[in-house]
Amino acid sequence: MYIAGAWCDAQSGGTLDVDNPATGTAIGTIANGGAAETRRAIEAAHTAFLSFSKTTAGERAEMLRRLHQLILENQEELAQILTREQGKPLAEARGEIGMSAAYVLWFAEEARRVYGEIIPSPWHGRRLLATRQPVGVVGAITPWNFPSSMLARKIAPALAAGCTIVCKPATQTPYSGLAWGELCARAGFPAGVVNVITGSAREIGGELTSNPLVRKITFTGSTEVGKVLLAQAAGTVKKVSMELGGNAPFIVFDDADIDRAVEGGINAKFRNTGQTCVCTNRFYVQAGVYDEFVEKLSRATQKLRVGPGAEQGVELGPLIDSQSLGKVEELLADAVGKGGQVVTGGRRHELGGNFFEPTIIAEASAAMRFSREEIFGPLAPVFRFETEEEAVRLANDTEYGLACYFYTRDLGRAFRASEALDYGIVGVNEGLVTTEVAPFGGVKESGMGREGSRHGIEDYLEVKYVCMGGLDASAA
Ligand SMILES: NC(=O)c1ccc[n+]([C@@H]2O[C@H](COP(=O)([O-])OP(=O)(O)OC[C@H]3O[C@@H](n4cnc5c(N)ncnc54)[C@H](O)[C@@H]3O)[C@@H](O)[C@H]2O)c1
Ligand SMILES: O=C[C@H](O)CS(=O)(=O)O
């Protein structure tokens with residue numbers, strides 16, 4: 001763990017194994033920390049905040065620029081670490097590290113644009129100011145599927161705003177997060193500004209959400225855990241940002257460019273082996289083009305190369321663990337048992353372990369579990385619909401609201417559907433939409449708050465109203 005500018009073990013000396021999901025073999029161990037180590041990190045972050053919050057925007061921007069440069073200088077090594085602990089293909093890992101660097105550069109620039117306001121006073125002799133100040137100590141908890149870029153989306157705006165932070169990476173993928181501790185130290189962030197804790201999620205999360213020195217919790221992960229953390233944070237009324245689960249619909253209207261929709265569908269479904277929060281969970285295809293789309297999507301799916309992420313040219317790595325593989329098999333069996341038809345794939349890959357064949361299921365129906373449950377794997381259900389109204393109704397019939405996609409060449413339909421679909425992110429004729437310059441986040445049970453864009457720093461700031469009185473001459 002990285003606490004107060006120093007590397008340390010758990011007080012108990014306990015450790016946890018970290019496995020390579022492609023081989024199932026241990027790649028190392030991490031300290032099995034808990035509440036005591038978290039408390040120490042929070043106290044270090046609180047002490048550091050007293051001085052770091054008084055740095056200038058320019059000084060913070062300069063440290064973030066150095067961090068950006070360090071990430072790029074170490075991109076290959078960071079990508080290798082990521083692939084080894086998470087399993088994704090190296091090309092995707094390099095892309096994730098590049099995206100992490102992009103978030104850091106973006107917030108290096110945003111640091112200088114935290115403006116306040118002077119408000120026209122309703123009284124003589126007074127001046128009204130609205131200033132924006134850093135929230136304070138931030139607790140950040142991140143998932144295993146994007147262990148670097150999910151951290152970047154929190155660390156970068158927090159530091160840009162002048163906050164200090166205690167991070168808990170996922171237990172399955174801790175090394176990418178620990179590398180951030182090292183790089184932040186090299187970038188010149190003072191001891192205590194960035195702290196990285198590993199170990200018992202429940203204990204660490206319990207301390208982060210209840211310790212009064214922590215002013216904000218930012219979480220990326222499942223909706224189920226997000227609800228636990230929201231409830232725990234309520235006890236001390238912390239600010240919260242929640243980036244939670246998804247159930248993305250991908251709608252193909254009969255006027256769509258089908259080949260473009262297939263390309264977008266492959267990207268939106270199978271990136272990170274289907275383990276992204278914005279992955280397509282439900283394909284809805286209008287009846288007139290259903291057979292053509294299924295046939296073309298299946299042909300493109302069969303071309304995907306499955307294998308260990310470290311191998312050149314691999315496009316689909318393993319699932320993160322055997323539990324995830326089991327969930328995919330459960331959802332598949334449920335669908336087949338209710339009339340779903342396997343068009344391609346449908347079984348464990350010949351490589352064995354956590355590898356699964358990319359799978360297309362036709363004749364999917366609302367009775368099947370994956371119409372409501374996040375698949376988080378390389379399983380693509382294809383539903384049929386008749387009308388635009390029906391497609392929007394079906395797409396919105398979920399408690400989630402993170403990302404959705406649709407393909408059409410009708411401009412009126414593009415505006416109607418993008419306004420009617422109840423999601424935080426809408427891809428129109430595009431299956432890959434994430435960028436640091438745009439607001440990322442969901443509605444309903446997909447969370448609250450936005451990351452990236454000019455909005456992403458707002459969650460790390462408090463607006464303060466200052467009424468400056470006694471300014472008229474008579475007061476002199
Ligand atoms: N909206 C987004 O931006 C976004 C991005 C990535 C992943 N996700 C979601 O995350 C999920 C997959 O990631 P995951 O399996 O790591 O999610 P998860 O919720 O199981 O774990 C996320 C993080 O929370 C920690 N955690 C688990 N239980 C905890 C507890 N009781 N107290 C404190 N911390 C706890 C984990 O150790 C991990 O660090 C999917 O639902 C996916 O949709 C959302
Ligand atoms: O899994 C969720 C990530 O936010 C995916 S993305 O890389 O940001 O699109």
Side-chain angles (χ1 to χ4, degrees), residues 16 30 33-35 38 86 88 92-93 95-100 102-103 139-154 167-174 176-177 196-210 217-233 241-248 267-268 271-281 319-321 323-324 327 373-377 400-403 405 423-425 427 430-436 438-452 456:
L16 296 170
I30 49 168
T38 306
Q86 198 273 345
K88 66 180 64 176
E92 285 192 26
E96 181 179 343
I97 300 302
M99 178 61 84
S100 303
Y103 277 109
I141 301 175
T142 48
W144 53 259
N145 64 337
F146 288 85
S148 184
S149 58
M150 296 303 99
L151 205 46
R153 287 195 328 207
K154 300 174 186 308
C167 308
K168 190 208 84 65
T171 311
Q172 302 94 320
T173 56
S176 296
V196 185
I197 304 284
T198 57
S200 162
R202 193 176 300 279
E203 271 198 47
I204 296 167
E207 185 62 31
L208 286 175
T209 52
S210 63
I217 293 292
T218 174
F219 172 71
T220 297
S222 65
T223 294
E224 177 194 3
V225 173
K227 289 179 177 178
V228 169
L229 297 175
L230 274 171
Q232 291 176 187
S241 299
M242 291 281 148
E243 295 286 351
L244 305 178
N247 179 7
N267 290 331
R271 180 162 66 105
N272 200 19
T273 311
Q275 302 169 120
T276 92
C277 56
V278 291
C279 273
T280 295
N281 214 62
L319 290 161
I320 188 68
D321 55 29
Q323 292 85 343
S324 294
K327 168 101 186 263
E373 292 181 41
E374 188 175 35
I375 296 166
F376 234 58
Y400 293 102
L402 184 56
Y405 311 89
Y423 290 83
I425 301 165
E430 293 294 347
L432 287 180
V433 299
T434 301
T435 165
E436 74 281 5
F440 189 105
V443 298
K444 301 200 289 188
E445 295 194 21
S446 287
M448 59 189 76
R450 292 295 182 267
E451 296 191 316

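Read the numbers this way: they start at 1 and go in the same order the structure lists the ligands and their atoms.
- Heavy-atom contacts of Leu229 reach the following atoms of ligand 1: 32 (N), 33 (C) (cutoff under 4.0 Å).
- The distance from ligand 1 to the heavy atoms of Gly245 drops below 4.0 Å at these ligand atoms: 41 (O), 43 (O).
- The proximity of Glu374 to ligand 1, defined as any non-hydrogen pair under 4.0 Å, is limited to the side chain.
- In summary, the atoms of ligand 1 found under 4.0 Å from a heavy atom of Gly205, numbered by their order in the structure, are 33 (C).
- Side-chain contact between Thr273 and Leu319: present, with at least one pair of heavy atoms (C-beta onward) separated by less than 4.5 Å.
- Shortest contact from atom 26 (N) of ligand 1 to any protein heavy atom: Ala201 CB, 3.7 Å.
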For ligand 2, list every N/O pair with the protein closer than 3.5 Å, one pair per line with the distance.
unit_1, atom_1, unit_2, atom_2, d
ligand 2, 1 (O), Asn145, ND2, 2.9
ligand 2, 1 (O), Cys277, N, 2.8
ligand 2, 4 (O), Arg153, NH1, 3.4
ligand 2, 4 (O), Arg153, NH2, 3.2
ligand 2, 7 (O), Arg271, NH1, 3.0
ligand 2, 8 (O), Arg153, NH1, 3.0
ligand 2, 9 (O), Arg271, NH2, 2.8
ligand 2, 9 (O), Thr434, OG1, 2.5

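- Contact atoms of ligand 1 toward Phe376: 12 (C), 40 (C), 42 (C), 43 (O) (distance under 4.0 Å to a heavy atom of the residue).
- Contacts of Met242 with ligand 1, taken as heavy-atom pairs under 4.0 Å, are absent altogether.
- Taking CD of Glu374 as the start and OH of Tyr400 as the end, the distance is 5.5 Å to the nearest 0.5 Å.
- Close contacts of ligand 1 with Pro169, meaning ligand atoms under 4.0 Å from a residue heavy atom, involve 39 (O).
- Using a 4.0 Å cut-off to heavy atoms of Asn145, the atoms of ligand 1 that qualify are 6 (C), 7 (C).
- Ranking the protein heavy atoms by distance from atom 1 (N) of ligand 1 puts Leu244 O, 2.8 Å first.
- For atom 39 (O) of ligand 1, the closest non-hydrogen atom on the protein side is Thr142 O, 2.6 Å.
- At the top of the distance list for atom 15 (O) of ligand 1, counting protein heavy atoms only, stands Trp144 NE1, 2.7 Å.
- Proximity of Ile204 to ligand 1, defined as any heavy-atom pair under 4.0 Å, is not found for any part of the residue.
- Protein heavy atom nearest atom 36 (C) of ligand 1, with residue, atom name and distance: Lys168 NZ, 3.8 Å.
- With a 4.0 Å cut-off on non-hydrogen atoms, Met150 touches ligand 1 through its side chain and not its backbone.
- Between atom 9 (C) of ligand 1 and the options Ser200, Gly221, Gly177, the minimum heavy-atom separation is to Gly221.
- With hydrogens left out, the protein atom closest to atom 13 (O) of ligand 1 is Pro143 CB, 3.5 Å, a heavy atom.
- Protein heavy atoms are absent from the space less than 4.0 angstrom from atom 21 (O) of ligand 1.
- Closest to atom 8 (N) of ligand 1 among all protein heavy atoms lies Cys277 CB, 3.6 Å.
- Contact annotation for Leu402 and ligand 1: only side-chain heavy atoms (C-beta onward) come within less than 4.0 Å of the ligand.
- Contacts between Phe219 and ligand 1 below 4.0 angstrom, taking non-hydrogen atoms only, involve the side chain exclusively.
- Residues satisfying the side-chain contact (heavy atoms from CB on, under 4.5 Å) test with Ala102, not counting sequence neighbours, are Glu436.
- Comparing Ala170, Gly447, Ser222 by heavy-atom distance to atom 11 (C) of ligand 1, the nearest is Ser222.
- With sequence neighbours excluded, the residues satisfying ring pair (Phe, Tyr, Trp, His ring centres under 6.0 Å) with Phe376 are Trp144.
- For Val443, the side-chain contact (heavy atoms from CB on, under 4.5 Å) test picks out Asp422, Arg450, with sequence neighbours left out.
- Comparing Thr220, Val225, Ile217 by heavy-atom distance to atom 29 (C) of ligand 1, the nearest is Val225.
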